[in-house]
Amino acid sequence: MKKITDVLTVKLSDAFEQAGYAAKYGFVSVSNRPDLCQYQCNGAMAAAKEYKKAPIMIAGDVVEKLKDDKVFEKIEAVKPGFLNITLSSAYLAERADQMDKEEQFGIAKGKKPKTVVIDYGGPNVAKPLHVGHLRPAIIGESIKRIRRFMGDKVIGDAHLGDWGLQIGLIITEIKKRQPELLYFKDGYDGPFPEEAPFTIDNLEEIYPYASAYSKEHEEYLQEAQETTAELQGGHAGYRALWQHILDVSIADLKKNYDKLDVTFDLWKKESDVQDYIPDLIEKLKRDGHAYMSEGALVVDVKEDTDKKELPPCLIVKSNGATLYATTDLGTIVEREKLFSPDEIIYVTDKRQELHFTQIFRVAKKGGLAKPGTKLTFIGLGTMNGMDGKPFRTRDGGILRLQSLREQVNEQVYQKIQESRDYSEEEAREIAGKVGLAALKYGDLSNQASKDYIFDIERFTSFEGNTGPYILYTIVRIRSLLAKAEREGICDWKDKPFNITCSKSEKALYLTINRFADAMDTAYVEMAPHKVCQYIYELSEAFNHFYHETRIISEEDSGRRDSYLRLISLVQRVLLQCIELLGFTAPEKM
């Protein structure tokens, strides 16, 4: 089932050609003046120069070729040469019928699905998730779901940080506190205890302490660096402790990501790619891309088209240590080997743009990524507090993601209790789903690259462009359909769509028919905010229709059944869209 804009573009292109003009001028878009028309074509304006003819005359010629087409209720040429298009009710009803009957509402899977790896986690082990992890997780998750919905094979990777100095600091501090542990016994190589000698709470206290202490005590930092080197060199006790750190951390991370309804296909780690690094370094040297500069190994990445200076990419430090860039290059090598992807997408803070520009260029220049692999960086703006600064706790610390989620759930819970009489258990369950929608929609409705203000009062509102408003619309439709069933009105599903003269009804049909266009835009631009924009418009259109229309009490049974089928389709589309955004609707609110 083609998008409306594609169908109309074909019709207008044919009409231009039949009228003696180039088909390329027939491009149709959604009207930027919905008060005048639904769709528009401005091709006559562009054609006027080529054909040395007044644009209004060209537009008139095109209209003449389309005047009998049943798709249009009205198509007219408007000075100085615009083509204004209004679709017929019968055509909108026909398309709604197709959407209702076809899989994925008529959206066809791509003929050439792509294999895509998306890197959207990036937490370090032994640390709690904080608000800075929110955007990569939920935006990456939504992009993954959108790409899959449109037919791509998508592999989501958490890509854990587990191989740097942080591990050496933790092991060093554990050794200070518990030197008697077997892991530190000289010459002992196992077996080691199956149970970790610490909990996630212990780790979350140990790392900040060790990190801060190392900044004040040079000898402690040096010891941690030596420990890191021994770990990476294969020290049996340190490797066993490292494995404990991984097991405890990943279990906690999965628990927290599950509560956000964020999942990964892979829990790959920096340590997984260490075996690839010697070969890739040797290849960069052998091919003449890597060279020594002040004792360090670097690769030039500057190109003639660059408008600003781009420094070389540092591959190996002067002390022989590798860096994040080296690990990221190793990860590209591994992903090529395992998946041969058409595209690798990185979803992270936009302040890392320079880093990814460098590694992408090294990967292409050095042949680490095949020529056809597209490397994409999606840089994210910052979630800021009401003061416009990066979101913090009241004492200036970084807020844990779990605490943020609990704050939002509590805010929603209080609002539910103010207006509804639910049991404590039921209210908490509803608040959990509505709170997640408030949190995710509040973020996803913003363009990913833009900074935004986290306004908990606005995000948890049941009115306006918010997650709770979208859910309330879904629940309202669910309630209407349940009421119809209770009243014995059950055979509407096979009845035809039949648009009456109601303006709000036609607007709802028009909006539901724009689903394919919205999804195509969200897919191409990898923009979840386009899905949010669409479902807000759809919810608004439904609620206008609802307030102006007697649905279940409509005396004309044919009209009533058409209404019920329409709102059922609206609900299904809304449910599909919120699934793509990563949240669900409660049974009631």
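Just so we're clear, the structure is a prediction, and the values are computed from it rather than from any experiment.
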Colleague: Regarding E418 and Q414, do their side chains bring together a donor and an acceptor under 3.5 Å, going by distance alone?
Modeller: no
Colleague: Distance from I332 atom CD1 to T327 atom OG1, nearest 0.5 Å?
Modeller: 11.5 Å
Colleague: Could you walk me through whether D342 and T373 pass side-chain hydrogen bond (donor to acceptor under 3.5 Å, both in side chains), step by step?
Modeller: CA-CA 5 Å; D342 298 292; T373 303; over 6 Å; no
Colleague: Is any side-chain N of the basic residue among K269 and D162 closer than 4.0 Å to the acidic one's carboxylate O?
Modeller: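 Salt bridge flag = no for D162 with K269.
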Colleague: Just how far is it from atom CG of N124 to atom CD1 of I167, taken to the nearest 0.5 Å?
Modeller: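 That separation rounds to 8.0 Å.
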Colleague: Check this for me: does any side-chain nitrogen of one of E141 and K144 sit under 4.0 Å from a carboxylate oxygen of the other?
Modeller: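 Looking at K144 together with E141, the answer is yes, because their closest N to O distance falls below 4.0 Å.
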Colleague: Short question: side chain of D152, backbone of P113 - any donor-acceptor pair under 3.5 Å?
Modeller: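 No; zero donor-acceptor contacts below 3.5 Å.
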Colleague: Kindly indicate, with the supporting measurements, whether the criterion side-chain contact (heavy atoms from CB on, under 4.5 Å) is fulfilled by R95 and I4.
Modeller: CA-CA 9 Å; R95 284 186 61 91; I4 286 184; 3.1 Å; yes
Colleague: List the steps, then state whether side-chain contact (heavy atoms from CB on, under 4.5 Å) holds for L444 with I139.
Modeller: CA-CA 7 Å; L444 293 169; I139 292 174; 3.7 Å; yes
Colleague: Any salt bridge linking E343 with R147? Criterion: basic side-chain nitrogen under 4.0 Å from a carboxylate oxygen.
Modeller: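 Yes, charged N to carboxylate O under 4.0 Å.
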Colleague: Looking only at the side chains, is there a donor atom on one of K588 and S479 sitting less than 3.5 Å from an acceptor on the other?
Modeller: no
Colleague: So, E463 side chain and P468 main chain: donor-acceptor pair closer than 3.5 Å or not?
Modeller: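 No; judged by distance alone, with no hydrogens or angles, the pair does not exist.
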Colleague: Can the ring centres of Y469 and F462 be said to be less than 6.0 Å apart?
Modeller: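 Here the rings of F462 and Y469 have centres that are no less than 6.0 Å from each other.
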Colleague: Examine the side chains of Q576 and Q104 and answer whether a donor and an acceptor come within less than 3.5 Å of each other.
Modeller: no
Colleague: If we ignore hydrogens and angles and just use 3.5 Å, is the side chain of T357 paired with the main-chain N or O of E353 as donor and acceptor?
Modeller: yes
Colleague: Look at the side chain of D100 and the backbone N and O of L569, then say whether any donor-acceptor pair between them is shorter than 3.5 Å.
Modeller: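 Flag not set: sc D100 to bb L569 has no pair under 3.5 Å.
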Colleague: If you measure from the Lys or Arg side-chain nitrogens to the Asp or Glu carboxylate oxygens, is any gap between E579 and R145 under 4.0 Å?
Modeller: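 Salt bridge between E579 and R145, a charged N being under 4.0 Å from a carboxylate O: yes.
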Colleague: Could you check whether any side-chain N or O of R135 sits under 3.5 Å from a backbone N or O of G381, counting only pairs where one atom can act as donor and the other as acceptor?
Modeller: yes
Colleague: If you draw a 6.0 Å radius around NZ in K374, do more than 12 non-hydrogen atoms from other residues or ligands fall strictly inside?
Modeller: no
Colleague: Does the side chain of N256 pick up a donor-acceptor pair with the side chain of R405 at under 3.5 Å?
Modeller: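 There is no such pair (donor and acceptor under 3.5 Å, judged by atom type) between the side chains of N256 and R405.
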Colleague: As an exercise, state the distance from OH of Y536 to OH of Y441, rounded to the nearest 0.5 Å.
Modeller: 8.0 Å
Colleague: Apply side-chain contact (heavy atoms from CB on, under 4.5 Å) to residues F264 and I118 and explain how you reach the verdict.
Modeller: CA-CA 10 Å; F264 300 98; I118 179 166; over 6 Å; no
Colleague: Taking atom types as modelled and ignoring hydrogens, do the side chains of E525 and T521 form a donor-acceptor contact shorter than 3.5 angstrom?
Modeller: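 Side chains of E525 and T521: no pair found under 3.5 Å.
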Colleague: With a 3.5 Å distance limit and no angle check, can you tell me whether S568 reaches the backbone of L564 through a side-chain donor-acceptor pair?
Modeller: no
Colleague: So for atom CD, which belongs to E424, do other residues, nucleotides or ligands contribute more than 12 heavy atoms lying within a distance under 6.0 Å?
Modeller: yes
Colleague: Below 4.0 angstrom, N of the basic side chain to O of the carboxylate: do R335 and D119 qualify?
Modeller: yes
Colleague: Over 60° means perpendicular and under 30° means parallel, so tell me whether F515 and F149 are parallel, tilted or perpendicular.
Modeller: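 Perpendicular: the ring planes of F515 and F149 meet at over 60°.
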Colleague: Closest heavy-atom contact between S504 and T549?
Modeller: OG-OG1, 4.2 Å
Colleague: Is there a donor-acceptor pair under 3.5 Å between the side chain of K440 and the backbone N or O of L260?
Modeller: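 Looks like yes, one N/O pair under 3.5 Å.
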Colleague: Would Q402 and E406 satisfy side-chain hydrogen bond (donor to acceptor under 3.5 Å, both in side chains), going step by step from the backbone distance to the final call?
Modeller: CA-CA 6 Å; Q402 179 180 341; E406 289 170 354; 3.1 Å; yes
Colleague: For the backbone of K495 and the side chain of R565, can you confirm whether one donor and one acceptor N or O come within less than 3.5 Å of each other?
Modeller: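 Here the side-chain-to-backbone pair exists.
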Colleague: Can you check whether P123 reaches Y257 side chain to side chain, under 4.5 Å on heavy atoms?
Modeller: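 P123 reaches Y257 side chain to side chain.
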Colleague: May I ask you to decide if V131's main-chain N or O and R400's side chain share a donor-acceptor pair within less than 3.5 Å?
Modeller: no
Colleague: For the residue pair Y452 and N384, confirm or rule out a side-chain donor-acceptor distance under 3.5 Å.
Modeller: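 Judged by distance alone, the side chains do not pair up.
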Colleague: Could you check if a side-chain atom of F459 sits within less than 4.5 angstrom of a side-chain atom of T466, using non-hydrogen atoms only?
Modeller: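 Sidechains of T466 and F459: no contact.
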Colleague: Tell me whether the guanidinium CZ or amine NZ of R514 lies under 6.0 angstrom from the six-membered ring centre of Y39 and within 45° of its axis.
Modeller: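 Geometry flag: set, cation within 6.0 Å and 45°.
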Colleague: Look at the rings of Y346 and F360 and say which category their plane angle falls in: under 30° parallel, 30 to 60° tilted, over 60° perpendicular.
Modeller: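 Aromatic pair Y346/F360 classed tilted.
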Colleague: Flag the pair E336 / L368 as yes when at least one side-chain heavy-atom distance between them is below 4.5 Å, and no otherwise.
Modeller: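 Not touching, per the 4.5 Å side-chain cut-off.
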Colleague: Is it true that D328 and T331 share a donor-acceptor pair across their side chains at a distance under 3.5 Å?
Modeller: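 Per modelled atom types, T331 and D328 side chains form no pair under 3.5 Å.
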Colleague: Please check if the side chain of D349 supplies one atom and the backbone of Q352 the other of a donor-acceptor pair under 3.5 Å.
Modeller: no
Colleague: If you measure only the distance, is there a donor-acceptor pair under 3.5 Å linking the side chains of D157 and Y120?
Modeller: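 D157 vs Y120: no donor-acceptor pair found between side chains.
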